[in-house]
Undergrad: 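What follows is a structure written as structure tokens; I'll ask about it next.
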Amino acid sequence: KNTVIYDQEMTKPLKLITPTRLGYKFTGWSGTGLDGENNMEVTIPKGSTGNREYVAHWEAIEYTITYIIGEGQLDSSAPIKYTIEQEVSIPNPTNENVDFSGWKIEGYNNINKAEVNKNENGLTVIPTGTYGHLTFTASYGSKISVELTAPTEGTEIIYDGNPHAVKTIVKLNNEVIDITSDQYKDK
């Protein structure tokens with residue numbers, strides 16, 4: 001609430017300054033001697049006397065959210081607009097060939113990146129109070145899936161009661177990967 005004091009004689013008109021507020025659009029004034037809430041300019045006439053009260057009215061600005069997901073898929077419910085008054089949950093994209101590793105976010109205006117957290121469902125959450133257009137760019141990591149099938153028919157396994165390490169050699173993109181498991185023991 002701002003208070004403006006004017007002299008008793010009001011030797012010249014007093015025009016209220018259009019207010020500003022981050023994340024909001026000013027939609028008008030209401031108050032003493034005004035009709036409605038959409039009065040964009042208020043001028044107190046020369047020679048006015050007495051107390052007056054005016055209230056500024058606001059509308060939250062709607063900002064856009066843009067996604068750059070490469071070859072991933074993003075759920076159709078992903079938000080594409082938000083306001084400063086909303087907490088926004090951003091879903092993770094999916095891609096059969098790679099693992100999603102996180103978002104690079106551009107367009108921050110007033111929040112610390114440390115305030116961007118993941119909720120209990122693993123979704124990125126932009127906190128209330130954020131404003132400005134945002135761009136989310138997906139980052140992906142390698143997805144390696146190896147399926148090993150042990151031979152069954154025609155293979156005889158003789159267990160001698162001693163612990164043994166099991167060694168498996170896998171080729172991935174013509175590169176040999178040597179995987180040695182923990183020792184197997186008789187239970």
Side-chain angles (χ1 to χ4, degrees), residues 1-96 98-141:
K1 186 173 186 178
N2 293 323
T3 303
V4 176
I5 300 174
Y6 53 93
D7 67 33
Q8 293 201 15
E9 294 181 22
M10 280 290 291
T11 56
K12 52 184 167 177
L14 175 67
K15 182 177 179 181
L16 297 184
I17 297 170
T18 302
T20 59
R21 183 176 173 197
L22 289 175
Y24 293 88
K25 174 185 173 188
F26 174 67
T27 60
W29 293 103
S30 65
T32 305
L34 301 176
D35 291 327
E37 298 179 348
N38 59 351
N39 301 280
M40 297 306 286
E41 291 186 6
V42 173
T43 301
I44 301 170
K46 175 181 170 181
S48 295
T49 60
N51 292 334
R52 294 171 176 261
E53 186 172 309
Y54 299 97
V55 176
H57 296 276
W58 307 95
E59 178 182 297
I61 297 171
E62 195 170 71
Y63 297 102
T64 59
I65 300 174
T66 303
Y67 300 96
I68 301 172
I69 58 170
E71 295 187 28
Q73 299 285 326
L74 190 62
D75 190 280
S76 62
S77 67
I80 57 172
K81 295 180 187 261
Y82 79 103
T83 71
I84 195 168
E85 298 172 344
Q86 296 173 297
E87 178 179 271
V88 184
S89 294
I90 307 297
N92 298 333
T94 57
N95 184 315
E96 291 180 7
V98 291
D99 288 323
F100 173 71
S101 58
W103 291 110
K104 177 184 173 197
I105 307 170
E106 295 175 24
Y108 283 99
N109 283 311
N110 66 320
I111 61 172
N112 181 331
K113 287 188 180 184
E115 293 177 0
V116 177
N117 295 309
K118 292 195 180 283
N119 67 13
E120 64 277 358
N121 298 320
L123 303 179
T124 300
V125 176
I126 303 300
T128 302
T130 302
Y131 62 92
H133 302 292
L134 299 174
T135 299
F136 287 78
T137 303
S139 296
Y140 300 98

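Note that the coordinates shown come from a computational prediction; the quantities given were computed from them, not determined experimentally.
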Undergrad: Out of curiosity, Ile126 CD1 to Ile65 CD1, how far, rounded to the nearest 0.5 Å?
TA: 7.5 Å

Undergrad: Measuring from Thr130:OG1 to Tyr82:OH, what's the distance to the nearest 0.5 Å?
TA: 6.0 Å

Undergrad: How far apart are the closest heavy atoms of Thr43 and Pro13, and which atoms are they?
TA: CG2-CB, 3.7 Å

Undergrad: Can you list everything that forms a side chain to side chain donor-acceptor pair (under 3.5 Å) with Ser77? Sequence neighbours excluded, please.
TA: Asp75

Undergrad: Is it true that atom CD of Glu71 has more than 12 heavy atoms of other residues, nucleotides or ligands lying nearer than 6.0 Å?
TA: no

Undergrad: Could you pull out the closest heavy-atom pair between Gly141 and Val98, with the gap in Å?
TA: O-CB, 3.1 Å

Undergrad: Going by salt bridge (charged side-chain N to carboxylate O under 4.0 Å, His left out), name the pairs with one or both residues in residues 54-68, residues two or more places apart or in two chains.
TA: Glu62-Lys81

Undergrad: Nearest heavy-atom pair of Thr83 and Ala60: which atoms, and what distance?
TA: CB-CB, 3.8 Å

Undergrad: Which atom pairs, donor and acceptor, lie under 3.5 Å between side-chain atoms of residues 24-36 and protein residues at least two apart or in another chain?
TA:
unit_1, atom_1, unit_2, atom_2, d
Tyr24, OH, Glu85, OE2, 3.0
Thr27, OG1, His57, O, 3.1
Ser30, OG, His57, NE2, 2.7
Thr32, OG1, Glu53, N, 2.9
Thr32, OG1, Glu53, O, 3.4

Undergrad: Once side chain to side chain contact (heavy atoms under 4.5 Å, CB included) is applied, do any residues pair with Leu74, and if so which ones, sequence neighbours excluded?
TA: Tyr67, Ile69, Ala78, Pro91, Pro93, Trp103

Undergrad: First locate atom OG1 of Thr66, then atom CZ of Phe136, and finally report the distance between them rounded to the nearest 0.5 Å.
TA: 10.0 Å

Undergrad: Is any side-chain heavy atom of Tyr54 closer than 4.5 Å to a side-chain heavy atom of Ile44?
TA: yes

Undergrad: To check you understand the geometry: which heavy-atom pair defines the closest contact between Ala138 and Phe100, and what is its length?
TA: CB-CE1, 4.0 Å

Undergrad: State which residues pass side chain to side chain donor-acceptor pair (under 3.5 Å) with Thr135; sequence neighbours excluded, sorted by chain then number.
TA: none

Undergrad: Compare every heavy atom of Ser89 with every heavy atom of Val125, then report the nearest pair and how far apart it is.
TA: CG2-OG, 3.9 Å

Undergrad: Starting at CD1 of Ile105, measure out to CG of Leu134 and round the result to the nearest 0.5 Å.
TA: 7.5 Å

Undergrad: With sequence neighbours left out, write down each residue that passes side chain to side chain donor-acceptor pair (under 3.5 Å) with Lys104, or none if nothing qualifies.
TA: Glu106

